[in-house]
Amino acid sequence: MATMTQEEIFDKVKTTLVDALSVDEEEVTESAKLQADLGAESIDFLDIAFRLEKLFNIKIPQDELFPQQIISNPAYVENRKLNAAGLAALKAAMPHADLSQFEKNPEIDKLGDVFTVGTIVRYLQTKIAR
Amino acid sequence: MRWIWIDRFEAFESGKRAVAVKNVTLAEDHLHDHFPEFPVMPASLMIEGMAQTAGILVGEARNFEEKVILAKVKRAVFRSLVRPGETLRYAADIEQITESAASTVGKITIGDTLIGEVDIVFSHIDQNMSGLQFPEENFVFTPEFRSLLNTYRTDAGQRISL
């Protein structure tokens with residue numbers, strides 16, 4: 001497992017998402033957003049996490065891939081936006097995510113956009129390397 | 001009409017596997033509409049039968065403390081029609097189970113014939129990601145549902161001599 005290339009991981013993630021979300025292979029690009037582009041609902045995240053655990057033989061704690069505990073922490077949220085402390089906590093919790101767009105306007109309703117195919121691939125890379 | 005789509009458990013291995021049987025009978029009203037003069041067990045109700053078999057298996061694994069809700073039918077494939085007088089066997093295996101959810105794989109058979117395969121993801125809804133609150137009472141596992149498990153745990157499946 002440790003020798004898997006990013007491309008190999010991407011291919012496996014693609015197959016997983018095609019099966020779990022009934023989307024076409026062409027739709028699953030590195031930048032595709034799970035919810036906005038691939039139509040994933042919250043329940044699909046459970047399904048996807050289970051499939052990836054099985055496929056990569058790893059454990060995916062719920063808070064690790066999708067750090068819900070940050071947006072539900074009142075100390076981190078003001079007017080449905082993450083404050084500076086919240087953003088810092090999010091960055092620490094999600095080193096695998098590209099937060100550059102989200103940072104410009106950190107509305108928690110927009111957090112779903114952070115979950116791209118690339119986010120999952122990078123998360124798995126760090127997970128497998130461990 | 002009672003929403004119970006399995007008749008009894010034939011095998012039950014806590015946290016792992018359950019097998020339930022369902023006898024298909026013309027006493028069930030819906031078969032007369034599905035279809036007139038050609039009664040066929042609806043596939044949707046076989047999915048429900050598997051969901052009840054697997055759902056009780058998943059619920060029992062956490063001592064019925066969680067509210068186990070069918071979140072997603074991952075896969076449902078049916079290979080042949082089922083007619084009145086036949087006995088369905090739902091075999092469910094827990095594939096993965098965590099604090100927040102479980103996934104099961106299931107096979108439906110009649111005798112040695114594979115009728116269908118139904119794989120399901122269940123959610124423990126009190127542990128949902130969006131933090132929604134649900135009533136405290138476990139409305140999923142009513143006493144009626146839990147008593148189904150007694151069909152395996154006691155001698156209820158055995159013939160009682162008169």
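Note on naming: letters A, B, ... go to the chains in the order of the sequence lines (proteins, then strands), and numbering restarts at 1 for each one. This one's a predicted model, so the numbers in the text were calculated from it and none came from an experiment.
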Requested in this report: State plainly whether one hydrophobic cluster holds both B/V21 and B/F9, where clusters connect Ile, Leu, Val, Met, Phe, Trp and Tyr through side-chain heavy atoms under 4.5 angstrom apart.
Outcome: no
Report summary line: So CG of A/D44 and NZ of B/K74: to nearest 0.5 Å the spacing works out to 11.5 Å
Report task. Could you look at A/D19 and say if it's the side chain, the backbone, both or neither that has a heavy atom under 4.5 Å from chain B? Result -> neither
Report task. Evaluate whether atom CG of A/N79 has more than 12 neighbouring non-hydrogen atoms of other residues, nucleotides or ligands under 6.0 angstrom away. Result -> no
Query - A/Q69 atom CD: more than 12 heavy-atom contacts under 6.0 Å - result: yes
Report task. Pick one of side chain, backbone, both or neither for A/K59, based on which atoms fall under 4.5 Å of a heavy atom in chain B. Result -> neither
Report summary line: Separation between OG1 (B/T98) and CG (A/L46), nearest 0.5 Å, reads 7.0 Å
Query raised in the report: Is it the case that more than 12 heavy atoms not belonging to A/E41 sit under 6.0 Å from its CD atom?
Result: no
Requested in this report: Pick one of side chain, backbone, both or neither for B/E95, based on which atoms fall under 4.5 Å of a heavy atom in chain A.
Outcome: side chain
**Report entry** Enclosure of B/R146 CZ (heavy-atom neighbours >12, cutoff 6.0 Å)
**Finding:** yes
